[in-house]
Amino acid sequence: MSDSGSADDSTELTLFDIAWEDVLYAVLFPFLSLKDLFNLRCCSRLSKQLVDDGFRRIRNINLSGNNSSGVETAFQVLSQKCRSIRTVNLAKCNWLQDGDLSRFLRTNTKITKINLSECHNISTTSLQPIIIECKDLLALKLARCNWLTIGAMEALTLHHSQIQELDISYCSSLSERCITIFLQNCRLLKTLSLAYIPSVTDNLLYSIAKNSNAMKHLNIIGCQMTTDRGVGAVSLYCTQLESLMVRDCPYITERSLALLRGRVFIDRSRDYQQQLNIAPNVGLPRLYLQV
């Protein structure tokens with residue numbers, strides 16, 4: 001009896017005896033956060049091998065706002081091990097540098113969505129692998145990236161025509177012309193955020209109306225050179241529009257917004273108190289034909 005009990009103990013299953021490919025990676029890993037995976041990775045050599053092999057299969061990384069101690073080292077590990085990433089969110093990562101990001105991007109060229117908003121310690125150098133090698137890119141978020149230049153936007157326009165979501169809010173150095181050229185090249189754009197870009201005027205809204213008929217979500221908050229004329233053009237031609245953000249646009253009034261009420265979410269109520277003393281007395285539709 002004692003020998004039998006000893007035999008049973010010796011054949012006791014462990015976590016690592018469960019099928020890695022069919023069970024652990026497919027069923028368990030999706031429920032574990034990156035922190036969980038790194039904690040497991042530290043347990044033993046076998047657990048390190050398990051997690052490292054698993055990193056080669058994960059599709060999503062979200063480190064947004066994570067500036068805790070050791071996260072930069074963890075990202076370097078991910079750069080070495082990950083090969084199949086599709087979406088990555090690194091917004092507000094103050095530790096992120098050009099070198100680390102470039103290495104990560106060069107080993108993960110199948111990325112479709114990337115968020116680098118408010119990453120202030122990188123430069124346009126980091127965009128080169130995105131522009132040149134990430135041919136499947138569909139969504140790019142660069143809000144408050146003051147390092148984004150007209151040249152970088154022109155390069156992005158040259159190499160990408162399938163982008164569906166772009167956020168360049170607060171990128172004040174961009175010109176209306178470079179954004180217009182991008183719109184002419186990316187006809188599939190569905191979500192566009194241009195908040196607080198001083199160069200945005202009605203001319204750019206006319207370009208959106210002409211080139212972006214698939215547009216669903218448009219953010220022009222703080223674009224104070226836009227007026228009812230531009231919004232009227234968008235309302236006429238962007239028939240799939242679902243939301244329009246126009247706060248802090250003093251020259252956009254209920255004259256044009258009324259055309260969208262009922263079918264489009266607008267971030268201002270109907271009785272919003274406009275600054276009527278500076279709102280121009282502009283007329284509407286005839287100018288839409290200029291689109």
Side-chain angles (χ1 to χ4, degrees), residues 6-123 125-143 145 165 167:
S6 177
D8 289 340
D9 291 339
S10 65
T11 58
E12 185 176 321
L13 292 177
T14 69
L15 171 69
F16 306 105
D17 294 316
I18 301 173
W20 289 18
E21 198 73 43
D22 297 330
V23 180
L24 294 183
Y25 294 146
V27 179
L28 176 63
F29 269 47
F31 291 97
L32 301 179
S33 66
L34 281 176
K35 183 178 180 179
D36 294 333
L37 291 174
F38 274 101
N39 285 336
L40 176 60
R41 189 174 183 269
C42 295
C43 292
S44 67
R45 291 182 180 179
L46 194 54
S47 63
K48 180 178 182 295
Q49 180 184 343
L50 171 69
V51 174
D52 284 350
D53 287 347
F55 279 152
R56 292 183 171 86
R57 294 162 173 79
I58 64 173
R59 298 295 184 93
N60 307 306
I61 290 179
N62 185 358
L63 294 174
S64 177
N66 190 336
N67 292 293
S68 58
S69 175
V71 67
E72 184 174 1
T73 301
F75 185 70
Q76 291 171 356
V77 172
L78 294 174
S79 298
Q80 296 170 5
K81 305 301 181 182
C82 294
R83 294 293 183 273
S84 305
I85 300 299
R86 297 296 186 270
T87 66
V88 56
N89 188 347
L90 299 172
K92 301 180 182 181
C93 289
N94 299 328
W95 48 267
L96 190 63
Q97 302 285 336
D98 283 337
D100 291 332
L101 182 57
S102 294
R103 281 190 291 273
F104 176 82
L105 292 171
R106 289 195 175 96
T107 54
N108 291 277
T109 59
K110 299 297 184 181
I111 287 176
T112 60
K113 300 179 180 180
I114 184 166
N115 188 347
L116 299 175
S117 296
E118 298 189 53
C119 290
H120 302 302
N121 293 317
I122 59 177
S123 69
T125 301
S126 296
L127 288 184
Q128 184 173 355
I130 297 177
I131 293 171
I132 303 299
E133 299 179 37
C134 297
K135 299 300 185 182
D136 298 326
L137 190 65
L138 297 177
L140 178 62
K141 296 185 178 182
L142 300 172
C145 292
E165 180 177 358
D167 186 352

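These numbers come from the heavy atoms of this one structure, side chains and all, not from hydrogens, waters or symmetry mates. It should be emphasised that the depicted structure is a prediction, and the values quoted were computed from it without experimental measurement.
Here the closest heavy-atom approach between residue Glu72 and residue Asp100 is recorded as OE2-OD2, 3.2 Å. Nearest heavy atoms, Cys119 versus Ile122: O-CG1, 3.5 Å. Counting all heavy atoms, side chain and backbone alike, Gly65 lies closest to Cys93 at N-SG, 4.3 Å. Considering all non-hydrogen atoms of both residues, Trp20 and Asp53 come closest at CZ3-OD2, 4.0 Å. Taking each heavy atom of Cys134 and Ile111 in turn, the nearest pair found is CB-O, 4.3 Å.
Environment of NZ in Lys35: sparse, with no more than 12 heavy atoms of neighbouring residues, nucleotides or ligands closer than 6.0 Å. Taking a 6.0 Å sphere around CD of Gln97, one finds it holds more than 12 heavy atoms contributed by other residues, nucleotides or ligands.
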Apply side-chain contact (heavy atoms from CB on, under 4.5 Å) to the pair Gln80 and Thr107, showing each step before the final yes or no. CA-CA 8 Å; Gln80 296 170 5; Thr107 54; over 6 Å; no
Please evaluate residues Leu78 and Ile61 with respect to the criterion side-chain contact (heavy atoms from CB on, under 4.5 Å), reporting the C-alpha separation (whole Å), side-chain torsions for both, the decisive distance (0.1 Å), and the verdict. CA-CA 9 Å; Leu78 294 174; Ile61 290 179; 3.8 Å; yes
Given the rule in the side-chain contact (heavy atoms from CB on, under 4.5 Å) test, do Ile85 and Ile58 qualify, once you have shown the distances and angles that lead to the verdict? CA-CA 6 Å; Ile85 300 299; Ile58 64 173; 3.8 Å; yes
Tyr25 and Leu50: CA distance, side-chain angles, deciding distance, side-chain contact (heavy atoms from CB on, under 4.5 Å) verdict: CA-CA 9 Å; Tyr25 294 146; Leu50 171 69; 3.7 Å; yes
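Neither side chain, Thr112 nor Asp136, offers a donor N or O lying under 3.5 Å from an acceptor on the other.
No donor-acceptor distance shorter than 3.5 angstrom exists from the side chain of Asp22 to the backbone of Ala19, with no hydrogens or angles considered. Not a single donor-acceptor pair under 3.5 Å links the side chain of Thr87 to the backbone N or O of Asn60. Formation of a donor-acceptor pair under 3.5 Å by the Ser102 side chain with backbone atoms of Gly99 is not found in this model.
To the nearest 0.5 angstrom, Leu40 atom CG is 7.0 Å from Leu37 atom CG. The CG atom of Leu140 lies 7.0 Å from the CG atom of Leu116; values are rounded to the nearest 0.5 Å. The line from CZ of Arg59 to CG of Asn108 is 11.0 Å long, rounded to the nearest 0.5 Å. Between atom CD1 of residue Ile114 and atom CZ of residue Arg86 there is a gap of 13.5 Å, rounded to the nearest 0.5 Å. Atom CG of Asn66 sits about 9.0 Å away from atom CG of Leu34, to the nearest 0.5 Å. Separating the CD1 atom in Ile130 from the CZ atom in Arg106 is a distance of 11.0 Å, to the nearest 0.5 Å.
No side-chain heavy atom of Leu90 sits under 4.5 Å from any side-chain heavy atom of Asn115. In this structure the side chain of Leu63 never reaches within 4.5 angstrom of the side chain of Asn89, judged on heavy atoms. No side-chain heavy atom of Asn121 sits less than 4.5 Å from a side-chain heavy atom of Trp95. A heavy-atom distance below 4.5 Å is found between the side chains of Val77 and Arg41. In this structure the side chain of Ser117 reaches within 4.5 angstrom of the side chain of Lys141, judged on heavy atoms.
The aromatic rings of Phe104 and Phe75 lie tilted to each other, with the angle between the two planes from 30° to 60°.
Centroid-to-centroid, the aromatic rings of Phe38 and Phe55 come within less than 6.0 Å.
Contact check on Lys48 versus Asp52 returns a salt bridge, with a Lys/Arg side-chain nitrogen under 4.0 Å from an Asp/Glu carboxylate oxygen. Between Glu165 and Lys113 there is no salt bridge, since no side-chain nitrogen of the basic residue lies less than 4.0 Å from a carboxylate oxygen of the acidic one.
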